[in-house]
J.: 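Sending over a structure as structure tokens; questions will come in a sec.
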Amino acid sequence: MLDRKFIVDHCELVKQNCANRGVPVDVDRFVELEQRRKARQVEVEQLNRQANEISKSIGKAKDPAEREARKEQGRQLRGRTQALQAELEQLAGELDTLQRRIPNLSHPDAPVGADDQANLELFRGKTPPATFAFPPLDHVQLAEKLDLVDFESGAGVAGHGFYFLKNEAVLLELALQRYAVELLAREGFTPVTTPDLARNEVLAGTGYIPRGPETQIYSIENSDLSLVATAEITLGGMLAGQTLDAERLPLKFCGISHCFRTEAGAHGRATRGLYRVHQFTKVEMFAFTRPEQSEAMLDHLRDMECRLFDGLGLPYRVVDTATGDLGGPAYRKFDLEAWMPGRGEFGEVTSTSNCTDYQARRLNIRFRVKGEKGTRFLHTLNGTAIAISRALIAILENYQQADGSVLIPEVLRSWVGKERIEGVST
RNA sequence: GGAUGGGUGGCCGAGUGGUCUAAGGCGGCGGUCUUGAAAACCGCUGUGGGCGCGAGUCCACCGGGGGUUCGAAUCCCUCCCCAUCCGCCA
């Protein structure tokens, strides 16, 4: 979330930004409520001071009658304070709801636009899309021919959107994890495996909404836990409430988790096969930086994504995400879209965001500079290294051969243990 | 899951209803002394917020939330976490 004072002081800017992002929030109401809240706070503090003085004087009073009189006085004061306090809390609650709805500011270079139609292509990857001398199949057809994914059983066991990976698809999943983690570890990312569940408070701190009609989140009944939609949630929550020494920054992690998404309201949109599923495995990058480091870190995360996909020999383009498509926490976001011959279009495979201090403020993660007074919020960034399900789509569709087999990308061969997925002869 | 003991400032640690304005120590910063350093001694040393041009000053914070009381680090309820033991388990 944004700083309360900042919102009041830069009301017009915030309003314009909300408009650019297509987020309807009553910023004027926020400003008005905040002013009322401040006024109430001053009153409450004054009454508290008086009540404290009286309480102290009771301890020192010798005369019992005097004590009783003071006590009565104290009771009355505290009674008044309580009413005001309740009002203050009510205001604060309302403000908090509004404040959480206000999205992060947007990078001046981020293209302004309502949705992904306005995304700006920046550049393409090293590998050009293959030209096929035959009509390319999509990954669902390939997976069926090569016995790689069992969608029917997945649906039977857990419902539509769940699946079993089989045979080489399993080896590919493991190989992709290994490939990503090794490359990232060499670049100074600390590898971690993370909880697949998190407290709703942590979800909210990262900008995810655990409950409600539009939620993308599965929640666990009779608990305040939810299944995570990405390791971004747990990695961000990892340092919640902490104050770090500035010299320790930046910190880089890569976390492996399963990701669970209800995909409410997404039916009918690219739901075929592995593209939009309720569960997948992901290797996620996450960084904590000082504010002046975060722009360079975003480029670094984007570079890592490019290196991973160039290394896999997959064609892709990188887009600068439009303001309307940024979501709440991101200040700037780059998506990497792989070419998917089966669909004949680019499809998002990774995404990296600079969330500046938006998540840190909610999660209360700060840093301290030696010799400086006070603390400041650090910046958080996240980026997909490999989302297995979508990477599988890109690999299967781009590496398919005329004979129906699929080549394994060179960098994965040692882990998969073969160079080609052969069709089962029937 | 059961039992017990805990959670206090950057760290250790005292504090069971009112000079807590949180003792004491360690660490850190500044100073005195010294050729320099160490030691010794003296002073300062948390976070967030309000008001003020400012020196300042006030409010809140002792794991989170709630309660009792004129007054809570301290008493009560509840949740979370940590330690140890027991049970169960991959």
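Remember, predicted model here, so these are calculated numbers, not experimental data. To find a chain, count down the sequence lines: A is the first, B the second, and so on, and within it residues start at 1.
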J.: Rounded to whole angstrom units, what separation is found between the CD atom of A:Gln50 and the P atom of B:C58?
T.: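 In whole Å, B:C58 P lies 14 Å from A:Gln50 CD.
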J.: Which is true for A:Asp245 with a 4.0 Å heavy-atom rule: it touches a base, it touches only sugar-phosphate, or it touches nothing?
T.: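 The residue A:Asp245 makes no contact with any strand.
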J.: To the nearest Å, give me how far apart CD (A:Glu89) and C1' (B:G65) are.
T.: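 Checked: the CD to C1' distance equals 11 Å.
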J.: What is the pairing partner of B:G24, taking Watson-Crick or G-U wobble pairs with both distances under 3.5 Å in any strand?
T.: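 B:G24 is paired with B:C12.
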J.: When you compare B:U16 with B:C75, how far apart are their C1' atoms, in angstrom units rounded to a whole number?
T.: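 Roughly 8 Å separates the two C1' atoms.
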J.: Could you give the distance separating B:G1 and B:G17 at their C1' atoms, to the nearest angstrom?
T.: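 About 37 Å, rounded to a whole number of Å.
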J.: Given atom CD of A:Gln242 and atom P of B:C81, what is their separation to the nearest angstrom?
T.: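 Nearest whole value for this atom pair: 16 Å.
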J.: Would the distance check show the side chain of A:Arg21 and the main-chain N or O of A:Asn104 forming a donor-acceptor pair, the cut-off being under 3.5 Å?
T.: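 Yes; judged by distance alone, with no hydrogens or angles, the pair exists.
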J.: Between A:Glu43 (CD) and B:C58 (P), how many Å, whole number?
T.: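 After rounding, the gap between these two atoms is 20 Å.
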J.: Using whole Å, report how far CG of A:Asn48 lies from P of B:A72.
T.: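 Interatomic distance, CG of A:Asn48 to P of B:A72: 10 Å.
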J.: Side-chain donor-acceptor pair under 3.5 Å between A:Gln82 and A:Arg78, yes or no?
T.: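 No, because no side-chain N or O of A:Gln82 sits under 3.5 Å from a partner of the opposite role on A:Arg78.
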J.: Measuring only the C1' atom in each nucleotide, how far is B:G66 from B:G15? A whole number of Å is fine.
T.: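 The answer is 24 Å between these two C1' atoms.
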J.: Return a table of donor-acceptor pairs under 3.5 angstrom between the side chains of residues 230-249 of chain A and protein atoms on other chains or two or more places apart.
T.:
from, atom 1, to, atom 2, distance (Å)
A:Thr230, OG1, A:Glu232, N, 3.0
A:Thr230, OG1, A:Lys282, NZ, 2.9
A:Glu232, OE1, A:Tyr208, OH, 3.1
A:Glu232, OE2, A:Gln359, NE2, 2.8
A:Glu232, OE2, A:Asn382, ND2, 3.2
A:Thr234, OG1, A:Ala231, O, 3.1

J.: Side chains of A:Glu12 and A:Gln16: any donor to acceptor distance under 3.5 Å?
T.: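 No, because no side-chain N or O of A:Gln16 sits under 3.5 Å from a partner of the opposite role on A:Glu12.
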J.: Could you tell me if A:Gln50 and A:Gln46 have a donor-acceptor pair between their side chains, going purely by distance under 3.5 Å?
T.: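 Result is no, nothing qualifies.
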J.: In whole angstrom, give me the gap between the C1' atoms of B:A73 and B:U4.
T.: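 Straight-line distance between the two C1' atoms is 23 Å.
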J.: Between B:G50 and B:U69, how far apart are the C1' atoms? Round to whole Å, please.
T.: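 So the two C1' atoms sit 27 Å from each other.
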J.: Identify the pairs formed between an N or O of the protein and an N or O of nucleotides 73-80 of chain B at a distance under 3.5 Å, and give each distance.
T.:
from, atom 1, to, atom 2, distance (Å)
B:C80, O3', A:Arg199, NH2, 3.0

J.: Report the distance from atom CZ of A:Arg70 to atom C1' of B:U69, rounded to the nearest whole Å.
T.: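 Rounding to the nearest Å, CZ of A:Arg70 and C1' of B:U69 are 18 Å apart.
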J.: Can you tell me how far P in B:C44 sits from the matching atom in B:G52, rounded to whole Å?
T.: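 B:C44 and B:G52 have their P atoms separated by 30 Å.
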J.: Is B:U68 paired to anything, Watson-Crick or G-U wobble with both distances less than 3.5 Å, and if yes, which nucleotide?
T.: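 Pair assignment: B:U68 / none.
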J.: Is the shortest heavy-atom distance from the side chain of A:Leu142 to the side chain of A:Tyr399 under 4.5 Å?
T.: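 Contact flag for A:Leu142/A:Tyr399 side chains = no.
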J.: For A:Leu274, does its backbone N or O pair with a side-chain atom of A:His139 as donor and acceptor, under 3.5 Å?
T.: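 Indeed, once roles are kept as given, a pair shorter than 3.5 Å links the two residues.
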J.: Across all strands, who's sitting opposite B:G48 as a Watson-Crick or G-U wobble pair, both distances under 3.5 Å?
T.: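 Base-paired to B:C59.
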J.: Quick one: look up who B:A3 pairs with, Watson-Crick or G-U, both distances under 3.5 Å, and put none if it's unpaired.
T.: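 Check on B:A3: paired to B:U84, both distances under 3.5 Å.
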J.: Using whole Å, report how far CG of A:Leu88 lies from P of B:A60.
T.: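 That distance rounds to 13 Å.
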J.: Looking only at the side chains, is there a donor atom on one of A:Ser351 and A:Asp335 sitting less than 3.5 Å from an acceptor on the other?
T.: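 Short answer, yes.
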J.: Look for any protein N or O under 3.5 Å of an N or O in nucleotides 47-53 of chain B and output each such pair with its distance, or none.
T.:
from, atom 1, to, atom 2, distance (Å)
B:U47, OP1, A:Gly374, N, 3.1
B:G48, OP1, A:Thr375, N, 3.2
B:G48, OP1, A:Thr375, OG1, 2.9
B:G49, O2', A:Gln41, NE2, 3.0
B:G49, N2, A:Glu45, OE1, 3.4

J.: Ignoring backbone atoms, establish whether A:Arg78 has a side-chain N or O less than 4.0 Å from OP1 or OP2 of B:G71.
T.: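 A:Arg78 to B:G71 OP1/OP2: side-chain N or O found under 4.0 Å.
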J.: Whom does B:C29 pair with, Watson-Crick or G-U wobble, provided both distances fall under 3.5 Å?
T.: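 Checking every strand shown, B:C29 finds its partner in B:G43, with both distances under 3.5 Å.
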J.: Considering only atom C1', compute the distance from B:G46 to B:G10 and round it to an integer number of Å.
T.: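 These two C1' atoms come out 8 Å apart once rounded.
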J.: Does A:Thr323 use its side chain to pair, donor to acceptor, with the backbone of A:Asn20 at less than 3.5 Å?
T.: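 Confirmed, A:Thr323 side chain pairs with A:Asn20 backbone.
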J.: For A:Lys71 and A:Val44, take the nucleotide of RNA chain B holding the closest heavy atom to each; which residue's nucleotide lies nearer the 5' end?
T.: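 Counting from the 5' end, the first nearest nucleotide belongs to A:Val44.
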J.: Please identify which of these residues, A:Lys333, A:His107, A:Arg332, meets the side chain to side chain contact (heavy atoms under 4.5 Å, CB included) condition with A:Asp320.
T.: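 One option only clears the test, and that one is A:Arg332.
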J.: With rounding to whole Å, what would you report as the distance between B:A37 and B:G43 at their P atoms?
T.: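 22 Å, rounded to whole Å.
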J.: Regarding A:Gln177 and A:Thr281, do their side chains bring together a donor and an acceptor under 3.5 Å, going by distance alone?
T.: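 Side-chain D/A pair, A:Gln177 to A:Thr281: absent.
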J.: To the nearest angstrom, how far is A:Gln82 atom CD from B:G67 atom C1'?
T.: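 Spelled out: CD on A:Gln82 to C1' on B:G67 is 11 Å.
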